[in-house]
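Below is one structure, written out as structure tokens; comments come after it.
Residue numbers count from 1 along this sequence.
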Amino acid sequence: MSWRTRFESKKTTATEAAGRVRSGQRVFVGSGCAQPRTLVGALAERGVELRDVEVVHLLTLGHADYCRPGLEDSFRHNAFFIGANTRQAVNEGRADYTPIFLSEIPGLMRSGRRRVDVACLSLSPPDRHGWCSMGIHVDIQTAALEGAKLVLAEINPHMPRTHGDTLVHADRVDGWIPEDKELLTLDDEPPADVAIRIGGQVARLIDNGSCLQLGIGAIPNALLGFLEDKRDLGVHTEMFSDGILSLCEGGVVTNKKKSVMAGKTVTSFCMGSKALYDFVDDNPSISFHPSDFVNDPRVISQNDRVVAINSALQVDLTGQVAADSVGYQFYSGIGGQVDFIRGAAMSRGGKPIIALPSTAKDGAISRIVPHLDEGTGVVTSRGDVHYVVTEYGVAYLHGKNIRERAIALINIAHPDVRADLLSFVSKRHYVREDEAILKQSMDRYPQELDEWVEFGPHRLRVRPLRGTDERHLQEFFYSHRPDTVYTRYFNTKTAMGHREAAELCCVDYERRMALAVFESIGLGRRLVAVARYELNPRTNIAETAVVVHEEFRRLGIASHLQRRLAQHAKRVGIAGFTSEIMPENTAMLGLHRRLKHRVVFDREEGVYRVTRRFDEASTKRPVDVDSSDEPRLDAP
């Protein structure tokens with residue numbers, strides 16, 4: 001008897017197939033957009049006949065009629081990841097939730113602790129050799145198939161035939177029904193402004209050749225629009241979405257730099273549009289594999305520069321991340337967040353990222369919180385967290401103490417809640433009582449001044465100074481030679497304490513501004529130059545100062561900082577700059593003369609003064625004058 005004959009003999013109706021399920025069995029339902037909807041509906045209709053059937057699955061997008069009130073004695077759903085169709089049942093006690101890493105669910109099934117009796121799947125029609133494909137969802141379905149005593153399937157010609165570990169032979173199917181329905185789709189709404197701003201922040205952390213993992217949601221989708229100028233990105237992700245599709249088609253994703261399955265996008269499921277499903281159909285560049293492979297941190301870490309981007313519901317000021325629950329209400333699941341956070345952390349050059357809006361419910365609730373709400377569970381521990389990103393910036397927490405973490409997170413919280421957050425951590429002695437971070441106006445952070453610049457052989461990051469740079473500024477000060485300190489501070493200053501460093505870092509980006517230059521050292525950084533101004537409101541002229549570390553002079557850093565500071569000052573309405581320079585500081589005097597600024601020697605003070613208004617045309621050559629002949633510059 002041929003496989004075709006055997007397979008045809010197993011053809012049945014949905015009612016007859018569901019009729020083979022027995023009371024007390026555990027039934028696995030296919031995942032996400034591959035939910036076998038007709039079989040699920042037929043199973044739910046048997047509620048009056050069945051008792052104590054456990055229905056297990058990940059998130060599904062179709063109906064979950066077995067969770068209807070009144071069927072509690074017939075079905076008990078056990079969610080490995082809670083979806084919108086089962087959330088109410090879970091939180092009303094009519095269904096259960098099992099918190100578990102996605103990478104470990106297949107092992108749970110194989111171990112017998114959650115053995116599967118019946119697997120209900122949606123498959124493609126068999127090919128000429130009798131092989132069906134699981135198509136767009138492999139995830140934990142492979143493990144369910146391995147142990148199931150009974151395999152029921154919908155055979156749907158709309159299910160793509162995908163490459164990788166997706167094949168199921170027709171002989172493994174015990175009963176099947178013909179289905180001719182379009183697959184469920186997940187339509188993305190255009191990202192909101194906040195998501196776009198977060199996406200822009202995250203994109204700055206992604207280098208050419210990075211290997212991406214993206215979760216579900218508006219932020220990953222918004223991010224993808226910022227990656228079109230990247231090169232040779234790789235993808236190793238549990239979920240493949242429409243956004244990644246556009247990067248593949250645009251040549252941004254090549255997977256050339258990957259170590260694990262180089263040249264291929266590796267995933268375990270995809271959810272999105274029909275165009276996405278058409279793209280993965282018979283596409284050998286997209287390789288689908290089970291979750292215990294794709295989500296295994298040891299596998300993930302074999303790729304270099306893994307950037308894992310996941311979302312959260314809350315982050316507390318010590319760095320604990322809540323992602324599956326809000327208070328005592330369960331919302332979703334652990335999923336693959338911890339798998340990829342740890343895999344990225346172990347990857348050479350990897351970056352584990354938690355990205356979330358600073359607020360929820362139209363700004364009414366802060367997501368950066370003093371402590372997690374009562375009952376809220378920790379999904380990613382404070383020890384696992386590296387980067388936290390909101391629309392207000394990036395907080396790097398790994399290896400930081402509690403004080404540093406709290407300050408960094410307050411710095412990226414919504415400005416309206418920063419005072420309350422600081423008050424909380426001050427009362428609990430997480431931070432010093434005189435923290436100056438509230439003087440920082442991160443909502444006015446001039447993102448356009450955050451850039452990477454080539455200075456000679458060095459590629460350095462230039463950006464506005466932030467309150468979290470306090471320790472970097474202190475280290476910068478203590479690295480100076482005595483002569484550098486003298487020419488900058490006009491005295492033999494020997495210390496820069498916490499209060500002074502905090503005050504210097506917490507600029508408001510308008511009246512007080514500072515640009516810093518950082519050298520990257522591994523995942524760390526050191527400060528190598530600072531330029532700043534402080535406005536005199538009476539004259540509308542700002543006093544400026546620049547200091548460059550001795551190792552980085554004569555590279556054009558000071559000139560670049562002066563130009564960028566002046567551009568910003570003009571933009572915020574400042575009329576000009578003035579500065580005092582000691583005669584011994586020949587390098588800075590030379591800079592101003594090269595920039596054709598008016599240099600005036602003050603005989604009484606024994607210093608040179610440089611004052612320039614932005615509305616004055618540059619002179620053709622530097623001008624030195626004696627202060628006895630220099631008229632006073634009046635306020636505009």
Side-chain angles (χ1 to χ4, degrees), residues 186 188-267 270-273 275-276 279-280 283 285-287 294 300 303-311 336-337 340-341 343-344 347-357 386-391 393-394 396 447-448 450-452 459 461 463 520 523:
L186 182 64
D188 295 323
E189 296 182 1
D193 177 63
V194 168
I196 293 172
R197 289 164 60 192
I198 296 170
Q201 298 280 3
V202 173
R204 302 174 73 87
L205 299 174
I206 298 174
D207 301 316
N208 293 330
S210 294
C211 182
L212 304 183
Q213 176 261 332
L214 302 172
I216 292 175
I219 292 172
N221 291 335
L223 161 69
L224 297 169
F226 291 91
L227 302 182
E228 295 174 354
D229 62 342
K230 302 293 183 180
R231 298 191 305 275
D232 290 329
L233 296 182
V235 175
H236 184 112
T237 184
E238 60 194 19
M239 177 178 171
F240 185 82
S241 68
D242 281 87
I244 303 176
L245 163 61
S246 65
L247 297 181
C248 292
E249 291 182 322
V252 177
V253 170
T254 65
N255 294 298
K256 289 180 181 179
K257 306 295 185 181
K258 290 174 57 183
S259 299
V260 178
M261 303 185 70
K264 294 184 182 294
T265 289
V266 174
T267 186
C270 70
M271 298 170 68
S273 66
L276 176 67
F279 180 77
V280 301
N283 187 339
S285 72
I286 314 297
S287 196
V294 174
I300 296 165
N303 291 307
D304 292 342
R305 298 184 298 279
V306 173
V307 180
I309 303 149
N310 289 273
S311 59
Q337 179 172 126
F340 274 94
I341 289 289
S347 164
R348 185 168 56 183
K351 295 176 181 177
I353 298 170
I354 298 295
L356 72 165
H386 286 62
Y387 296 88
V388 179
V389 180
T390 73
E391 68 270 31
V394 179
Y396 185 75
Q447 187 68 54
E448 69 278 2
D450 196 327
E451 58 186 347
W452 288 90
R459 185 170 186 265
R461 186 178 180 187
R463 67 162 172 79
S520 295
L523 290 178

Just by modelled atom types, is the [Y] backbone N or O under 3.5 Å from a matching donor or acceptor in the [X] side chain?
X    : Y    : value
S287 : K264 : no
N303 : V260 : yes
N208 : R231 : yes
K258 : V235 : yes

Measure the spacing between [atom1] of [X] and [atom2] of [Y] and express it to the nearest 0.5 Å.
X    : Y    : atom1 : atom2 : answer
S311 : Q337 : OG    : CD    : 6.5 Å
C248 : I286 : SG    : CD1   : 5.0 Å
F340 : H236 : CZ    : NE2   : 4.5 Å
L245 : N283 : CG    : CG    : 9.5 Å
L356 : I198 : CG    : CD1   : 6.5 Å
L212 : I206 : CG    : CD1   : 5.0 Å

Please determine whether a side-chain nitrogen of the Lys or Arg among D207 and R305 lies less than 4.0 Å from a carboxylate oxygen of the Asp or Glu.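 R305 and D207: not salt-bridged.
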Ring geometry between F279 and F240 (parallel below 30°, tilted from 30 to 60°, perpendicular above 60°):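 Plane angle under 30°, so parallel.
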To check you understand the geometry: which heavy-atom pair defines the closest contact between M271 and D242, and what is its length? O-OD1, 4.5 Å
Give me the one residue out of T237, N310, T267 that meets side chain to side chain donor-acceptor pair (under 3.5 Å) with Q213. N310
Apply side chain to side chain donor-acceptor pair (under 3.5 Å) to residues D304 and S259 and explain how you reach the verdict. CA-CA 7 Å; D304 292 342; S259 299; 5.0 Å; no
